[in-house]
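Okay, so here's the structure we're looking at.
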Amino acid sequence: MAKKKTPEDLRSFRWYGVQDLRSFGHRSRAKQMGYDENDFGGKPVIAIINTWSDINPCHSHFPQRVEEIKRGVYQAGGFPVELPAMSLSEPYVKPTTMMYRNFLAMETEELIRSHPIDGVVLLGGCDKTTPAMIMGAVSMDLPSIYVPAGPMLRGNWRGETLGSGSDTWKYWAELRAGNITEEDWGEIEGGIARSPGTCMTMGTAATMMSLAEALGMTLPGASSIPAPDSNHSRMAAASGRRIVDMVWEDLKPTDILTAAAFDNAIAVDMALGGSTNAIVHLVAMARRAGIDLSIDRFDEISEEVPVLANIRPSGKYLMEDFYYAGGLRGLMSVMKDHLDFSCITVNGQSLGDNQGDAGVYQDDVIRSPENAVSKVGSTAVLRGNLAPDGAVIKASAAEPDLWSHEGPAVVFADYNDMAARIDDPDLEVTAESVLVLKHAGPLGGPGMPEWGQLPLPKKLLEQGVRDMVRISDARMSGTSYGTCVLHVSPESFVGGPLALVEEGDIIQLDVEKRILELKVSDEELARRKAAWVQPKPVYPRGFGAMYAAHVTQAHLGCDFDYLETGDEAVPEPEIH
Ligand code: FES
């Protein structure tokens, strides 16, 4: 691609290149740090937005990756500057990282806007960091490339492979059922996460990193490389080299993130058996790019694309196996008919050009459509009087016997109520019951926590029950499994129909017909709605209060209403 920009066209030229009082200050302060014109003069200034912190285990290799990205930037004639951003460590941030996804998106956007930046390397991976950083980068729309953290290595316990999340839930249930000891449980704790990198099941992190690549925001093949692999270091350096050229070419996120690119990402999401969280994130990302992506688009594509990646929780293997089997490009090679290979990507080539000779090396890990893991797509969008604006189920991780089910509701008013009563021997519940959790949505959680995989009552676990229909306005970890209806919209906290469900009400789920219905008359629901009382806001002040005032519902992506891209551009900062 021909160069479109000259050094005088660079955004950073306004800080470093002109001759006035302010630029004197910018140059003298760069010199204070030991740099001179050979470093910053007329070169693209590249921000490396780094979500490393001492409390994010998934990003513990980032200090080394930053040095490798800088090496690439220098090699290509750029000037790298590292800008730390909120780390959003999934295991530690409470009440949920989802409450802070938009915070990181704002931070990303404003870090870029307020500094002398020409191009951006986004360094993330742990669940919300991928959508957050891309959302911020799209809104700012300077050349940007995503460097995914990569998955950690397989877990191990006494020679048995362990997968993040999935095996935590599995062995927690076995411990509660009395099938493993506390000592076994302790050994599993020490073996389930044994290298830097993100969760290595097809959770939200692996899903979103893969979708960033499918969207065209990473170098080809980047998302599947395990974090400790030396190929990951070389990919980081190559991304550093590439972003410098992207600045000269003026290749921006909105050139890449088209409606066709989002369709590609949704198709890949279905073939991966990706996390249900991807729906909320892709909708929010698309809306930042000015594309009104509806959750119904997921359902349309889901009808056509089978699950091909045999990765937990929908399948058997882990991300390390996926990489050896050919990785994301291998997967895309067996689903060509569902992709628009003409979409442009960050390296200036099309998605199709980047395929090269990609293929599949282990056909049990990446299946052909004829031998799909599941013939139906991984995610279904349900509607009915219980979810007028939609709800979501990961059918590929649910028990097929429960896809069509009617049962009486066992209702929990909120998470604490559920935690207090779920194991009560007197709880009136059977395997046919439908567990309902209220107040777990964007406002009710708040932050729409990953509570949607409600634990099964202990007395049913002891009877051998391993799955039940569960319904909430919460999200679910991508590493979870079970017949969990999620993202019910509108949520119960704002008076959605979920708020009106009472103990014993019959609920109908039909995944194939896409139905979620509360078998209660309209008159009775109207009577209950009239008696319903709006709960008090959770946060009286601070970020939580701002969040509550502006977050949108799940089917709209849970972005802040004022962050969605409108017609008017935010002005560039004045430099006085
Ligand atoms: Fe970071 Fe799962 S905890 S990706």
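All ligand and atom numbering here is 1-based and tracks the order in the structure. We're numbering straight along the sequence, starting at 1.
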Lys/Arg N to Asp/Glu carboxylate O, D184 vs R158, below 4.0 Å
yes

Is any side-chain heavy atom of Y539 less than 4.5 Å from a side-chain heavy atom of Y547?
no

Without hydrogens or angle criteria, can the side chains of R288 and S139 be said to hold a donor-acceptor pair below 3.5 Å?
yes

If we count only N and O atoms by modelled type, under 3.5 Å, do the side chains of N231 and D229 hold a donor and an acceptor together?
yes

Could you give me a count of protein N/O/S atoms that are under 2.8 Å from atom 2 (Fe) of ligand 1?
1

More than 12 foreign heavy atoms under 6.0 Å from NZ of K458: is that the case here?
no

Only pairs at least two apart or in different chains count here, so list each side-chain hydrogen bond (donor to acceptor under 3.5 Å, both in side chains) that has a residue in residues 205-216.
E213-S223

